[in-house]
2 protein chains.
Amino acid sequence: MAYEELKLERQLCFKIYALHRQLMAAYRPLLDELGVTYPQYITLLYLWEHEEATVGQLCSALGLDTGTVSPLLKRMEANGLVSKRRLVSDERTVQVSLTERGRILEEEARSIPSYMATCLFGGDEADAETLATVLDRTIRQVSETRKR
Amino acid sequence: MAYEELKLERQLCFKIYALHRQLMAAYRPLLDELGVTYPQYITLLYLWEHEEATVGQLCSALGLDTGTVSPLLKRMEANGLVSKRRLVSDERTVQVSLTERGRILEEEARSIPSYMATCLFGGDEADAETLATVLDRTIRQVSETRKR
DNA sequence: GGGCATCATATTGCGTACAATGTAACAGAG
DNA sequence: CTCTGTTACATTGTACGCAATATGATGCCC
């Protein structure tokens, strides 16, 4: 059982952890130009697609909890990327929407995905497909196991 | 070019980010019993294998920088897991070694890798092999690209 | 052997992450 | 209508993670 040893290089989890940090480092120079962090970037990805969202929708779409998202949105609001308002129909829920500045950033972000695709695979689409498939299956597997 | 769109579910990087956090959440209850966090756990993995290490060796083995590792070791020292001393031969370098308590934890950690393997793949070794291979290739590719 | 670049760590500042807690708004039972 | 439980967010506290900076030790050039 190769992956059941207490050795660092064998640990699949460590590889994912390492890759995650490599990816963040690869994104950083690109996102610095936009003046956002990675979690802010994926928040924008969601909003570019849906125009607006409640805090709860963002939390579940991004898989983050309110303790992370709430101050993140506060910083994004301070930077003029999004605006927040409470719903009249339910004063508890907060609607987040893009500002003009937040919308404009989408244009500047257009080149990022293709750059990152190259960075990840050097253009090898087959590898991308394989990794995507296995990742999806693994994510599902882990979240299933965690429910019990 | 499916992975070059500004859509969240399409983004391979987001999948890795999501899986990373799922894994940390899966580890948490296990590591809580040992009283350590995941970065502390992988530090212990290294020390269980090598008995002792300099701060620099730990940084490069774990791929973390000194600003992360230094306070992490401070906390581990405060919890009685490791001890630190400066080398006589070079007063700049700090040797980290396991305390008795740190060594004993290895026994309590024995069951973690097999539990996590099940959690990740439900015991499917083939998937593990595939993922490990693709991850290694991708990690190498990203770090190569980042050097330029 | 004095001066200086380099090296090994430590510290500071900012932004996540998440558990735990707080708070105001809503919803339903009676 | 009131009481109570729930919901949607916000806040607090602790621990990363990294860029930038600080600090002391070492090595080397002259």
Side-chain angles (χ1 to χ4, degrees), chain A residues 14 17-29 31-32 34-44 53-79 81-82 84-96 146, chain B residues 14 17-29 31-32 34-44 53-79 81-82 84-96 146:
Chain A
F14 179 70
Y17 172 63
L19 179 55
H20 161 65
R21 282 176 297 112
Q22 289 263 347
L23 286 178
M24 294 304 107
Y27 266 112
R28 197 159 299 121
L31 297 182
D32 276 351
L34 307 191
V36 298
T37 63
Y38 183 75
Q40 291 175 16
Y41 170 67
I42 59 174
T43 302
L44 288 174
T54 67
V55 174
Q57 283 167 348
L58 280 172
C59 286
S60 77
L62 307 183
L64 293 167
D65 85 14
T66 163
T68 301
V69 171
S70 183
L72 180 146
L73 291 171
K74 205 170 176 180
R75 284 185 290 272
M76 290 180 77
E77 189 182 29
N79 291 335
L81 300 174
V82 301
K84 296 189 290 184
R85 69 171 192 286
R86 289 191 177 270
L87 286 188
V88 191
S89 58
D90 184 342
E91 290 280 339
R92 290 171 305 178
T93 80
V94 172
Q95 272 273 337
V96 182
R146 293 221 308 118
Chain B
F14 178 70
Y17 172 63
L19 178 55
H20 161 67
R21 282 177 298 110
Q22 288 264 347
L23 286 177
M24 294 304 108
Y27 265 113
R28 198 159 299 120
L31 297 181
D32 276 352
L34 307 192
V36 298
T37 62
Y38 183 76
Q40 291 175 17
Y41 170 67
I42 59 173
T43 302
L44 288 173
T54 67
V55 173
Q57 283 167 346
L58 280 171
C59 286
S60 77
L62 308 183
L64 293 167
D65 86 14
T66 164
T68 300
V69 172
S70 184
L72 181 145
L73 291 171
K74 206 171 176 178
R75 285 185 291 271
M76 290 180 77
E77 189 182 28
N79 291 335
L81 299 174
V82 301
K84 296 189 291 184
R85 67 170 193 286
R86 290 191 177 270
L87 287 187
V88 191
S89 58
D90 185 343
E91 289 281 340
R92 289 172 304 179
T93 80
V94 172
Q95 273 273 339
V96 182
R146 294 220 308 119

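The chains referred to below are lettered A, B, ... by the order of the sequence lines, with proteins before strands, and numbering in each begins at 1.
- Distance OH (A/Tyr38) to P (D/dG17): 16 Å, rounded to an integer number of Å.
- Computed from coordinates, the A/Arg86 CZ to C/dA24 C1' distance equals 8 Å when rounded to whole Å.
- Side chains of B/Thr68 and B/Asp65 form a contact here, defined as non-hydrogen atoms less than 4.5 Å apart.
- Here the side chain of A/Leu64 is nearest to one of C/dT9, D/dC9, C/dA17, namely C/dA17.
- Contact check for A/Val96 versus A/Gln57: no side-chain heavy atoms found under the 4.5 Å cut-off.
- A/Leu62 places its CG atom 16 Å from the C1' atom of D/dC9, with the value rounded to the nearest Å.
- Counting heavy atoms from C-beta outward, A/Met76 and A/Asn79 have side chains that stay 4.5 Å or more apart.
- Residue-level contact check: A/Ser70 touches the bases, meaning some heavy atom is under 4.0 Å from a base atom.
- For the atom pair OG1 of B/Thr37 and CE of B/Met24, the computed distance is 10.0 Å after rounding to the nearest 0.5 Å.
- Across C/dT16, C/dT9, D/dA15, the shortest atom-to-atom separation from the side chain of A/Leu72 is found for C/dT16.
- When each of A/Asp90 and A/Ala25 is assigned the nucleotide of DNA chain D bearing its nearest heavy atom, the one mapping closer to the 5' terminus is A/Asp90.
- Residue order along DNA chain C, read from the 5' end via each residue's closest nucleotide, puts A/Thr66 first among A/Thr66 and A/Leu87.
- You'll find that the side chain of A/Lys84 is closest to D/dA10, out of C/dA17, C/dT9, D/dA10.
- Put simply, B/Tyr17 has a side-chain N or O that comes within less than 4.0 Å of OP1 or OP2 on C/dA17.
- Between the C1' atom of C/dA8 and the CG atom of B/Leu73 lies a distance of 13 Å, rounded to the nearest Å.
- Rounded to an integer number of Å, the gap from B/Asp65 CG to C/dC14 C1' is 14 Å.
- Between B/Arg75 and D/dT14 there is no side-chain polar atom (N or O) within less than 4.0 angstrom of OP1 or OP2.
- Both A/Gln22 and A/Val55 lie close to DNA chain D; mapped to their nearest nucleotides by heavy-atom distance, the more 5′-ward contact belongs to A/Val55.
- The separation between B/Leu58 atom CG and D/dG17 atom C1' is 16 Å, rounded to whole Å.
- B/Val82 is not listed as a side-chain neighbour of B/Thr43, based on a closest heavy-atom distance of 4.5 Å or more.
- Under 3.5 Å, the side chain of B/Arg92 and the base of C/dC7 form at least one donor-acceptor pair of N or O atoms.
- One finds a side-chain N or O of B/Arg28 lying less than 4.0 angstrom from the OP1 or OP2 phosphate oxygen of C/dA19.
- Contact annotation: B/Lys74 side-chain N/O to C/dT11 OP1/OP2 distance is under 4.0 Å.
- Backbone-only contact: B/Gly56 has heavy atoms under 4.0 Å from sugar-phosphate atoms and none from a base.
- Per the geometry, CZ belonging to B/Arg21 stands 18 Å off P belonging to D/dC16, to the nearest Å.
- Nucleic acid contact class of B/Thr68 (heavy atoms, under 4.0 Å, all strands): base.
- Residue B/Lys84 places its NZ atom among more than 12 non-hydrogen atoms of other residues, nucleotides or ligands, all under 6.0 Å distant.
- One interatomic measurement links the two molecules: CG of A/Asp32 to P of C/dC14, which rounds to 15 Å at whole-angstrom precision.
- Mapping A/Gln40 and B/Pro71 onto DNA chain C via the closest heavy atom, the residue that lands nearer the 5' end is B/Pro71.
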